[in-house]
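Each remark here refers to the structure printed beneath this line.
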Amino acid sequence: IRTETAETSTPEMDKRCEPARYEAVWQRTWREKGYFTAEAPSQRPSYCIPIPPPNVTGKLHVGHALQSTLQDLLTRWRRMQGYNALWLPGTDHAGIATQLMVERQLATEGASRCALGRERFLERMWEWKEMYHDNIRQQLDLLGASCDWTRERFTLDPGLSRAVREAFVRLYREGLISRGEYLVNWSPTLGTAVSDLEVEMKTVQGKLYHVAYAVEGSDERIVVATTRPETMLGDSAIALHPDDERYQHLQGKAAILPVVGRRLPFVADPMVDREFGSGLVKITPFHDPNDFEVGKRHGIPGITVIGPDGRMTADAGPEFAGLDRFEARTKMVQRLQEEGYLVKVEDHVHNVGHSQRGGEPIEPLVSTQWFCDVSGMAEAALEAVRDGRLALVPDSWGKTWEHWLTNIKPWCISRQLWWGHQIPAWYTEDGRCFVAHSVEEAAGQAGTDRLTQDPDVLDTWFSSALWPFSTLGWPEDTPDLRTFYPTSVLVTGFDILFFWVARMVMTGLHFTGEVPFATVHLTGLVRDAEGQKMSKTKGNVMDPTELVHEFGADALRFTLASLDSPGRDIPLNRDQIAGYRAFGNKIWNATRFALSRIPADARVAESIDPAGLAAPERWILSRLSQAAAEVDARFETFRFDEACNRLYHFFWGDLCDWYIELCKPAFSGEAPRPRVGDVLLTVLDRALRLLHPVMPFLTEEVWQRLPGHQAVHPETICLAPYPRREESWESPEVEAGMDALIQAVTRARGLRADLGLSPKTKIDLHLSASDAGVQRLLEEQEPLLRFLTRVESITFGTIPEGAVRDLVAGVEVALVPEAAALGEEERGRLVKELDKLAAEIARAEERLGNEQFLSKAPPHVVEGGRARLAEMREREASLKASLGDR
RNA sequence: AGGCCCGUAGCUCAGUUGGUUAGAGCGCUACGUUGACAUCGUAGAGGUCAGCGGUUCAAGUCCGCUCGGGCCUACCA
């Protein structure tokens, strides 16, 4: 176990950061110490994130890694802020998807679900579940997830199954769940009904067959167009538009179905589009959703000619019975042609519903299923977003939410599968149905125990819909439920907004009266470096486990979090992850520097008073305070990208590029300043704490080595307070002065480079600040400036003739090179710069001469413009002086 | 068919309620290995903000149209 780091506090650190050496160790330590176990009840405010339960179908993909990173980030952040934070983990049985995986596995063994029987098959399912569940758990550990595994749930475990039965029974008793015979989306290869959401519309190139029908009792022939000739066998009417002049005479008559010879009455219905085809539509009530409605309106009976297996039924007639529906199409076309009914065939592009899981075209089929009427719940869910009880982030999803929920239809919740929650409905031998919590209760109602349970299971999303409260113990009124419900945030992909999020909101409001979470953060899709969707067939799938092994979990986490900008997909590329791995190395080495150079008595300070500190120390503390304030604000608004960006630039830019450089001459004794070691350690401590939610492993590993870190928390950075803004540390004056120093140093280096002078060339630097305070600061820090610019000497005040000069941040910077003159290249660059400046000055003058601008623009903008113009003029003078007489 | 999103540097993207000089990372160029770090440092180059029109003192930002790309919803047989 990794406690030796903290206790022996070996100052030796490797030259490179190697995540593999500490990540797994810390994950184990954290778990053993129980840092992530939440309390219920608790005195502290609650914060809860219910995990979108991964399917137990296989491995986690990068999308999971993204969502897990964000959930963990939020949880760790709130935990550090003192919340009683719970990230509740679990997995989903994922009905169809998982059953398919196991069926495939069985097929490779030459076995099958039916041969095995329901009971043995379910045993196999549970074995599968155990295996993949363990995978998922390991992967989450690998990523550094701070889940409370003592509260882990699975959608088929006893508690959740009980919640499912309770929800079903209540909805049934309220009349919102019912059983009935309707036209449903049927997947012939899966052998089950699916919901509207599981139907994927695909644009396909098909054919439009124009078929002639004889009109009964006349010589007239009419033409009807269809894309599915095989369904003609189930036709029972022909529809025309009630206002269509061309066909009024057909009202009350009938057509004769070719090949079959059945009589098809004409019906007038406004659903007919007069412009399409001939303006006449064949009506197949049992194999088309529109026709089903027309059939109902006109009392036309339907005929089922395609069975659940996708083959033609006996009712299709002896010639077709037993044929696959697509074979039947070919045969029908052939028969029509033979008998002279086929008028023409056109290419036709149209949209066909396909089974999302099975992949084959959906067959609309009449069957008895269970339905849930969600119209009332949808209304409540709409209201929750409208009145702000539920926030969608980004809020652009609001319109999609509105649209879907206002057009919602009954939800088909039964599935002809074995893996799932069996429907709590029992039938007597004479066919009466009893819905109850248990077979005993049903027997009581039925007055007999000769009952058979409904063989179907519920749609997987039915149990998922209850997830935020069923995992906390609902329907029991448990301490967990009281403590953590409603939960705080849901982080998930927009692709399951309807499948899952909307349904959780609906059931949450229905059963608990409250929205199940206050905020939904919807992430984009993780794509590959080229912006392509990852898919197995394309072979561009990135495996999070491999990425963790290659780059470390922290680098992957930082990358994913920093790419999560609202409403955008996430193009993930390895270079970027490598870049953030380098950032980790930077953090590591910054710490290594501190540990090797600080005085022996330096310690992390829980708080520090800037009074008595020199400008560089006051500057970094001021910058740190602002970084803390901004990072916190970004997390509040789910701008993980901006938070990460801020963290990155604070650490690399302010801390490493400048402050650590500023520390060097102080530590070496060249330019000593008070308490530099304490400040460096204190800044590192806080910076690591700020970074911890994003990079938990590295920050813990490094933080444990800081002398005196125990003052902040005795055991772990995971539970150390999240740094806040420290207003007493902030000083605009110090920042302005140091900013001038930084810019002057940068410009001095730039001038030297412009002159093509090697770093070894001796040079005199002249600095002249217009602001007296800045001038004083520069003079005070003269040794520091010499160290940073590597010049021989610095002279303050008037710039000598012949110097090469420039003006930045109110400081004139000039170099007097020994016997060096401006070459052609340098002159050219200067002239170009002067031209640009002159153009800008002209623009500024014009603007400032505009009456409208002066009177309408706010004063600070006008003032800013004037100041800017003045500075540009000064700079112009300075640059001209460089060119001057040389 | 309806709706939504996007178009900014070579690439991937930021850019607050319109307000000075449009930013970052990667890549590129030159120089650099001085004791934290070459997974590095220093200094640079690179943009007609897709196009057109409008509102405004002021537009990458607001409005309209066009072009290009993506996504969602949808029962045209």
Side-chain angles (χ1 to χ4, degrees), chain A residues 13 15-17 201 208-209 224-228 231 239 271-273 275-284 288-293 348 350-351 353 364 394 396-397 399-400 402-404 407 494-495 497-498 525 529-531 551 555 562-563 565 567-573 575-576 578-597 639 641-642 645 648-649 656-657 660-661 664 668 746 749-754 756 758-759 790 829 836-837 840 843-844 847 850-858 860-869 871-872:
Chain A
M13 285 175 80
K15 202 168 172 183
R16 286 180 182 171
C17 170
M201 296 307 269
L208 189 61
Y209 303 90
V224 170
T226 179
T227 52
R228 298 195 62 195
T231 64
M271 70 66 92
V272 178
D273 177 356
E275 308 300 314
F276 190 88
S278 60
L280 291 170
V281 185
K282 68 193 249 330
I283 300 299
T284 321
D288 182 278
N290 280 319
D291 295 5
F292 187 75
E293 293 303 316
H348 182 61
H350 60 146
N351 298 318
S396 53
W397 287 102
K399 281 194 177 175
T400 312
E402 280 282 330
H403 181 257
W404 191 72
N407 295 297
F494 65 83
D495 50 323
L497 185 62
F498 304 136
L525 216 64
E530 276 77 48
F551 301 103
S562 67
L563 287 171
S565 44
R568 268 201 113 100
D569 282 344
I570 292 159
L572 185 63
N573 77 70
D575 290 350
Q576 202 155 6
Y580 289 122
R581 178 182 54 188
F583 178 52
N585 193 56
K586 193 76 180 173
I587 295 169
W588 177 271
N589 274 292
T591 310
R592 197 161 81 97
F593 167 81
L595 296 184
S596 67
R597 301 287 292 277
R639 288 307 303 263
D641 56 335
E642 291 182 348
N645 211 2
Y648 183 93
H649 285 106
C656 294
D657 289 347
I660 283 184
E661 292 307 309
K664 286 177 180 173
S668 72
T746 305
R749 291 167 177 165
L751 288 175
R752 185 208 287 267
D754 285 349
S758 99
R790 308 273 162 195
R829 195 156 37 218
K836 263 166 63 182
L837 198 54
E840 251 177 68
R843 264 203 311 263
R847 187 169 38 239
N850 183 335
E851 272 310 312
Q852 297 275 18
F853 174 70
L854 295 177
S855 59
K856 290 189 180 168
H860 74 272
V861 173
V862 177
E863 271 319 300
R866 290 208 171 104
R868 169 79 193 135
L869 177 60
E871 187 162 351
M872 285 192 294

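All chains are named by letter (A, B, ...) in the order of the sequence lines, taking the proteins before the strands, and each is independently numbered beginning at 1. Below, all heavy atoms of this structure are taken into account, side chains as well, without hydrogens, waters or symmetry copies.
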Residues passing the ring-ring contact (aromatic ring centres under 6.0 Å, His included) test with Y580(A), sequence neighbours excluded, are F558(A), Y648(A)
Out of rG19(B), rC37(B), rA77(B), which nucleotide sits closest to the side chain of K586(A)?
rC37(B)
Regarding H350(A), tell me which of base, sugar-phosphate or nothing describes its non-hydrogen contacts under 4.0 Å with the strands shown.
sugar-phosphate
Between the side-chain atoms of R790(A) and the base atoms of rU34(B), is any donor-acceptor pair under 3.5 Å?
no
Classify the nucleic acid contact of E402(A) as base, sugar-phosphate or nothing, counting any heavy atom under 4.0 Å across all strands shown.
nothing
N/O (side chain, R592(A)) to phosphate O (OP1/OP2, rC37(B)) under 4.0 Å:
yes
N/O to N/O distances under 3.5 Å, protein versus nucleotides 1-4 of chain B:
residue: rC4(B); atom: OP1; partner: K399(A); partner atom: NZ; Å: 3.0

Among rA77(B), rU39(B), rC76(B), find the nucleotide with the atom closest to the side chain of A582(A).
rU39(B)
Let me have a per-nucleotide readout for nucleotides 42-48 of chain B, 5' to 3', with B, S or -, counting only protein heavy atoms under 4.0 Å.
SSS----
For R866(A), all residues meeting side chain to side chain contact (heavy atoms under 4.5 Å, CB included), sequence neighbours excluded:
L848(A), L854(A), V862(A), E863(A)
All salt bridge (Lys or Arg N to Asp or Glu O under 4.0 Å) counterparts of R639(A), not counting sequence neighbours:
D641(A), E642(A)
Any side-chain donor paired with an acceptor under 3.5 Å for N589(A) and R592(A)?
yes
Say we look at rG25(B) and rC62(B): how far apart would their P atoms be, to the nearest angstrom?
26 Å
Under the side chain to side chain contact (heavy atoms under 4.5 Å, CB included) test, residues paired with N645(A) that sit two or more places apart
H649(A)
Stems involving RNA chain B, each a run of at least 3 consecutive Watson-Crick or G-U pairs under 3.5 Å:
B:1-7 with B:67-73, B:10-13 with B:23-26, B:28-32 with B:40-44, B:50-54 with B:62-66
Base versus backbone protein contacts along nucleotides 56-62 of chain B [heavy-atom cut-off under 4.0 Å; B, S, -]:
-B-----
Salt bridge (Lys or Arg N to Asp or Glu O under 4.0 Å) partners of E871(A), counting only residues at least two apart
none
For R228(A), which contact category applies under a 4.0 Å heavy-atom criterion: base, sugar-phosphate, or nothing?
nothing
Between rC75(B) and N290(A), counting only base atoms on the nucleotide and side-chain atoms on the residue, is there a donor-acceptor pair under 3.5 Å?
yes
Tabulate atom names and distances for all N/O pairs under 3.5 angstrom spanning the protein and nucleotides 8-15 of chain B.
residue: rC13(B); atom: O3'; partner: R568(A); partner atom: NE; Å: 3.4
residue: rA14(B); atom: OP1; partner: S565(A); partner atom: OG; Å: 3.0
residue: rA14(B); atom: OP1; partner: R568(A); partner atom: NE; Å: 3.2
residue: rA14(B); atom: OP1; partner: R568(A); partner atom: NH1; Å: 3.4
residue: rA14(B); atom: OP2; partner: R568(A); partner atom: NH1; Å: 2.6
residue: rG15(B); atom: OP1; partner: R639(A); partner atom: NH1; Å: 3.2
residue: rG15(B); atom: OP1; partner: R639(A); partner atom: NH2; Å: 3.3

Residue list, side chain to side chain contact (heavy atoms under 4.5 Å, CB included) with D575(A), at least two apart or on another chain:
N573(A)
Under the side-chain hydrogen bond (donor to acceptor under 3.5 Å, both in side chains) test, which residues partner S396(A), sequence neighbours left out?
none
Please tell me if K664(A) has a side-chain N or O lying less than 4.0 Å from either OP1 or OP2 of rG35(B).
no
